[in-house]
Amino acid sequence: MRRLLGTCPWLCGWFAIAVGTLTLVAWWLNRPELTAIAAGLPPVMPNTALMAVLQGASLILLTPLASGKRRLLAGTLCAAAAGTIAGLTLSEWIFNLDLGIDRILLTPREVSARAYPGRTSSETAAAYAAAALALMSTNRTIARGLPPAQILAFI
């Protein structure tokens, strides 16, 4: 059981990278039927797929808590990049702004041709922001030794 739990972050990280990469490829190849989880559901937006790839890489890099400083730095930077995209997306929703981050990976023509706008939903952005904070705080503890990563991962 311990061995299975030890491989879980690694498997989840690679799964996130695979799904995110496949979604990005589907967007770039203009295959909308491959961007949704099921027919009729909204598609996974390109920024969401990018955040999945970044957080999957972060999870893989940060999983061995005794990993080297380079891995910790790279994993933290991946989580911070995903968290920045999520935070900017949340600020777009909260303040009714258009910062243009929805067009990082899509052209305006591709965004306007879709039934859904190119922006990641506010719920998804909030979840990715919490996950980014959890990943960046994996080696930290707060009062009474409580790890904030577990709280944020639960959220």
Side-chain angles (χ1 to χ4, degrees), residues 8-9 12-63 65 71-155:
C8 198
C12 290
W14 280 111
F15 181 75
I17 291 171
V19 170
T21 302
L22 290 173
T23 303
L24 287 172
V25 169
W27 276 100
W28 291 327
L29 295 177
N30 198 22
R31 300 288 308 264
E33 69 276 6
L34 299 177
T35 61
I37 293 171
L41 292 178
V44 175
M45 292 295 138
N47 284 359
T48 305
L50 177 61
M51 288 187 288
V53 170
L54 289 169
Q55 288 192 350
S58 177
L59 185 59
I60 290 168
L61 291 166
L62 295 173
T63 295
L65 294 178
R71 282 181 66 127
L72 289 174
L73 177 63
T76 302
L77 288 175
C78 286
T84 300
I85 295 169
L88 289 172
T89 302
L90 279 174
S91 67
E92 284 183 323
W93 284 109
I94 291 169
F95 300 113
N96 199 21
L97 298 171
D98 183 11
L99 300 175
I101 63 169
D102 311 327
R103 294 176 294 281
I104 292 173
L105 301 171
L106 288 179
T107 64
R109 179 187 58 80
E110 291 171 316
V111 172
S112 64
R114 303 283 176 178
Y116 297 93
R119 184 173 298 167
T120 301
S121 72
S122 59
E123 296 86 357
T124 303
Y128 273 100
L133 290 172
L135 286 165
M136 289 187 294
S137 65
T138 55
N139 292 326
R140 298 187 179 36
T141 57
I142 54 177
R144 298 184 192 146
L146 187 65
Q150 290 179 359
I151 297 166
L152 291 164
F154 175 75
I155 292 171

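We use all heavy atoms of the structure for the numbers below, so side chains are in, but hydrogens, waters and symmetry mates are not.
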Verdict with supporting geometry, Thr120 and Thr48, side-chain hydrogen bond (donor to acceptor under 3.5 Å, both in side chains): CA-CA 6 Å; Thr120 301; Thr48 305; 2.9 Å; yes

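With a 4.5 Å cut-off on side-chain heavy atoms, Thr89 and Ser91 do not count as touching. When side chains are defined from C-beta on, Pro46 does not count as touching Trp28, because their heavy atoms never get closer than 4.5 Å.
Val44 and Ala49 make their closest contact through CG1-N, 4.2 Å (heavy atoms, listed as atom of the first residue, atom of the second, distance). Between Asp102 and Arg119 the shortest heavy-atom distance is OD2-NE, 3.2 Å. Closest non-hydrogen pair, Ala79 versus Leu135, comes out as CB-CB, 3.8 Å. When every heavy atom of Ala86 is checked against every heavy atom of Ala125, the shortest pair comes out as CB-O, 3.3 Å. Shown here for Leu54 and Ala81, the closest heavy-atom pair between the two residues is CD1-CB, 3.9 Å. Residues Leu99 and Glu92 come closest through the heavy atom pair N-OE2, 2.8 Å.
Atom CE in Met136 sits 11.5 Å away from atom SG in Cys78 (nearest 0.5 Å). Atom OG1 of Thr35 sits about 11.5 Å away from atom CG of Leu29, to the nearest 0.5 Å. Between the OG1 atom in Thr124 and the CG atom in Asn47 there is a gap of 11.5 Å [rounded to 0.5 Å].
Within 6.0 Å of CG on Asn96 lie no more than 12 heavy atoms contributed by other residues, nucleotides or ligands. The environment of Leu34 atom CG is dense: over 12 non-hydrogen atoms of other residues, nucleotides or ligands sit within 6.0 angstrom.
In summary, of the residues considered (Ile60, Leu59, Ile17), a side chain to side chain contact (heavy atoms under 4.5 Å, CB included) with Cys12 occurs for Leu59 alone.
A donor-acceptor pair is defined here as one N or O able to donate and one able to accept, closer than 3.5 Å; such a pair exists between the side chain of Gln55 and the backbone of Tyr128. Between the Thr21 side chain and the Ala18 main chain, no donor and acceptor come within less than 3.5 Å of each other.
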